[in-house]
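Remember, it's 1-based here, ligands and their atoms both numbered in the order they're listed.
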Amino acid sequence: MAGAFWCIVEDDRQGMPKKVMAEVIGEATRLGAGPVEAVWLTDKASDAGLKQLAGLGATKIWLLEDAAYAPYRGEVWTGAVAELAVKESPKGILGPVTSRQREFLPRLAARLDVGLAADCVALALDGGTLVATRPVYAGKLLARVSWTKGPWVATLRPNVFRPADAQDGRTPTVERPALAAPAAQMKLVERREEASTGLPELAEAEIVVSGGRGMKGPENYTILEDMARVIGAAVGASRAAVDAGWRPHRHQIGQTGRTISPKLYMGFGVSGAIQHLAGMRTSKVIVAVNKDPEAPIFKIADYGIVADLFEVVPQLTTELKKLMEK
Ligand SMILES: Cc1cc2nc3c(=O)[nH]c(=O)nc-3n(C[C@H](O)[C@H](O)[C@H](O)COP(=O)(O)OP(=O)(O)OC[C@H]3O[C@@H](n4cnc5c(N)ncnc54)[C@H](O)[C@@H]3O)c2cc1C
């Protein structure tokens, strides 16, 4: 519908929207600047997924269902959503900060010849125009930005915006738009294998335990994984650990890695370089364990332990286990 706020669906590739969609739809609803609609590009949507989107408050779901939409290809998604946007004139287009939407929404904004506000931590309306707040200079400053013309395209940082309260029983209104048949020009993914650790995904986790160069080697991350399993946390890493090949890049937290904002961040053997802080400084509670009392991470930590992590982690895991069993 013209004047609507579109929320681009990030799904788990099994036919269900990801948890972060509650935040995107919740924020679009809170703005109250127009009908809130979901746009879902997938090769296979599930009924449960459609119901979930409706339950979160999407008054309409634009369902673009075609084998060409999965796996994600930037040029295919951009062509389809740009065509739909030109026909339907949405007021805003929002998506969560995830690997693919970080790539897709700038492409879409460029195609529509409008601006993009990336990694927003707040949105507000000022005289009927959207104003976005986003961190700049590795999180040292917050900039308020606006658009000279719409649609307003923005990505929202996960775990910052209040999620929509899900309501059962809403019937989804699904529209399958007639668009030009998607034609993939590039073949990027031959085969996809997901190695499951059984731990939550870094960007979605409410608790993150992160290990830096102080972990001394890849084999020692097992002690962090043991702790993570006890408290349902994701395991992250500093760039030093990733550059050393100890952890995959998708686990990197910071300016050139993931931006996270969990309820609890615990850093072990992480010095707290500005580029690392850029990716986690908005965590609600920060705990740091470092044997150097001068480590910069202590400046932003809510709780700090000056000690050898190899002594602290096993003790902490034992105590957390006891707490969780209560
Ligand atoms: C353009 C650019 C982009 C960057 N992007 C990122 C990014 O996205 N993410 C990122 O993390 N970094 C990034 N960096 C790198 C960043 O500047 C730091 O080099 C990096 O964060 C350091 O990682 P670290 O804290 O693990 O290692 P170090 O700085 O070497 O710190 C290791 C810490 O472990 C402590 N330690 C050692 N042994 C123990 C022990 N047994 N018990 C307890 N503590 C111990 C030490 O006291 C030290 O404080 C970037 C740099 C640049 C220039």
Apply side-chain contact (heavy atoms from CB on, under 4.5 Å) to residues Val36 and Cys7 and explain how you reach the verdict. CA-CA 7 Å; Val36 175; Cys7 303; 4.0 Å; yes
One should read off an interatomic distance between Leu63 CG and Thr173 OG1, to the nearest 0.5 angstrom, of 12.5 Å
Selection from His276, Arg213, Glu311, Gln252 by shortest heavy-atom distance to atom 7 (C) of ligand 1: Gln252
Would you indicate whether Lys87, at its atom NZ, is surrounded by more than 12 heavy atoms from other residues, nucleotides or ligands within a distance under 6.0 Å? yes
Regarding ligand 1, does Ile253 bring an N or O atom to under 3.5 Å of one of the ligand's N or O atoms? yes
Students should be able to answer this: which protein heavy-atom is nearest to atom 3 (C) of ligand 1, and at what distance? Arg239 NH1, 3.1 Å
Count the heavy atoms of every other residue, nucleotide or ligand shown that sit under 6.0 Å from NZ of Lys284, and state whether that count exceeds 12. yes
One finds that the ligand 1 atoms under 4.0 Å from a non-hydrogen atom of Lys216 are 37 (C), 38 (N), 39 (C), 41 (N)
Just go through Gly212, Ala278, Ser271 and tell me whose heavy atom is the nearest to atom 28 (P) of ligand 1. Ser271
For atom 50 (C) of ligand 1, the option (of Gln255, Arg258, Gln275) bearing the nearest heavy atom: Gln275
What's the shortest distance from atom 33 (C) of ligand 1 to any protein heavy atom, and which residue and atom give it? Gly269 O, 3.3 Å
Less than 4.0 Å between atom 5 (N) of ligand 1 and some protein heavy atom, yes or no? yes
Between Lys44 and Asp11, is the closest basic N to carboxylate O distance under 4.0 Å? no
Might you work through the side-chain contact (heavy atoms from CB on, under 4.5 Å) test for Ile223 and Met215, ending with a clear yes or no? CA-CA 10 Å; Ile223 60 171; Met215 295 301 298; 4.1 Å; yes
Which residue holds the protein heavy atom closest to atom 24 (P) of ligand 1, what is that atom called, and what is the gap in Å? Ser238 OG, 3.5 Å
Per-atom contacts of ligand 1 with Gly257, taking only distances under 4.0 Å to non-hydrogen atoms: 8 (O)
Quick look: Phe268 vs ligand 1, heavy-atom contacts under 4.0 Å, and the answer is neither
Could an N or O of ligand 1 be found under 3.5 Å from any N or O of Ala237, whether backbone or side chain? no
Should you measure from each heavy atom of Ala307, which atoms of ligand 1 turn up under 4.0 Å away? 42 (N), 43 (C)
In the protein, what heavy atom is nearest to atom 22 (C) of ligand 1, and what distance, to one decimal place, separates them? Ala240 CB, 4.0 Å
Heavy-atom contacts with Val270 under 4.0 Å: which atoms of ligand 1 show up? List them by number with element. 25 (O)
Output yes when Glu201 and Lys18 qualify as a salt bridge under the 4.0 Å nitrogen-oxygen rule, no when they do not. yes
What atoms in ligand 1 come closer than 4.0 Å to a heavy atom of Gly254? 7 (C), 8 (O), 9 (N)
Derivation and outcome, side-chain contact (heavy atoms from CB on, under 4.5 Å), residues Trp40 and Trp62: CA-CA 6 Å; Trp40 193 0; Trp62 295 99; over 6 Å; no
What's the spacing between Met280 CE and Ser210 OG if we round to 0.5 Å? 7.5 Å
Evaluate whether atom NZ of Lys19 has more than 12 neighbouring non-hydrogen atoms of other residues, nucleotides or ligands under 6.0 angstrom away. yes
Numbered atoms of ligand 1 (with element) below 4.0 Å of Thr256, judged on heavy atoms: 3 (C), 4 (C), 5 (N), 6 (C), 7 (C), 8 (O)
Nearest to atom 18 (C) of ligand 1, what protein heavy atom do you find, and at what distance? Ala273 CB, 3.5 Å
Protein heavy atom at shortest distance from atom 46 (C) of ligand 1: Asn290 OD1, 3.5 Å
Hey, are Asp119 and Arg157 close enough for a salt bridge, meaning a charged N less than 4.0 Å from a carboxylate O? yes
Nearest heavy atom to atom 42 (N) of ligand 1: which of Val313, Ile297, Leu309 does it belong to? Leu309
Quick one: does Phe5's side chain get under 4.5 Å of Pro90's, heavy atoms only? no
Which residue holds the protein heavy atom closest to atom 41 (N) of ligand 1, what is that atom called, and what is the gap in Å? Asp308 OD1, 3.1 Å
If we number the atoms of ligand 1 from 1 as shown, the ones under 4.0 Å from a heavy atom of Phe310 are 41 (N)
Quick one, Leu156 and Glu27 - any side-chain contact, counting heavy atoms below 4.5 Å? yes
To check your reading of the model: name the closest protein heavy atom to atom 37 (C) of ligand 1, its residue, and the distance in Å. Gly214 CA, 3.4 Å
Pro151 and side-chain contact (heavy atoms from CB on, under 4.5 Å): which single residue from Leu108, Leu112, Leu130 fits? Leu112
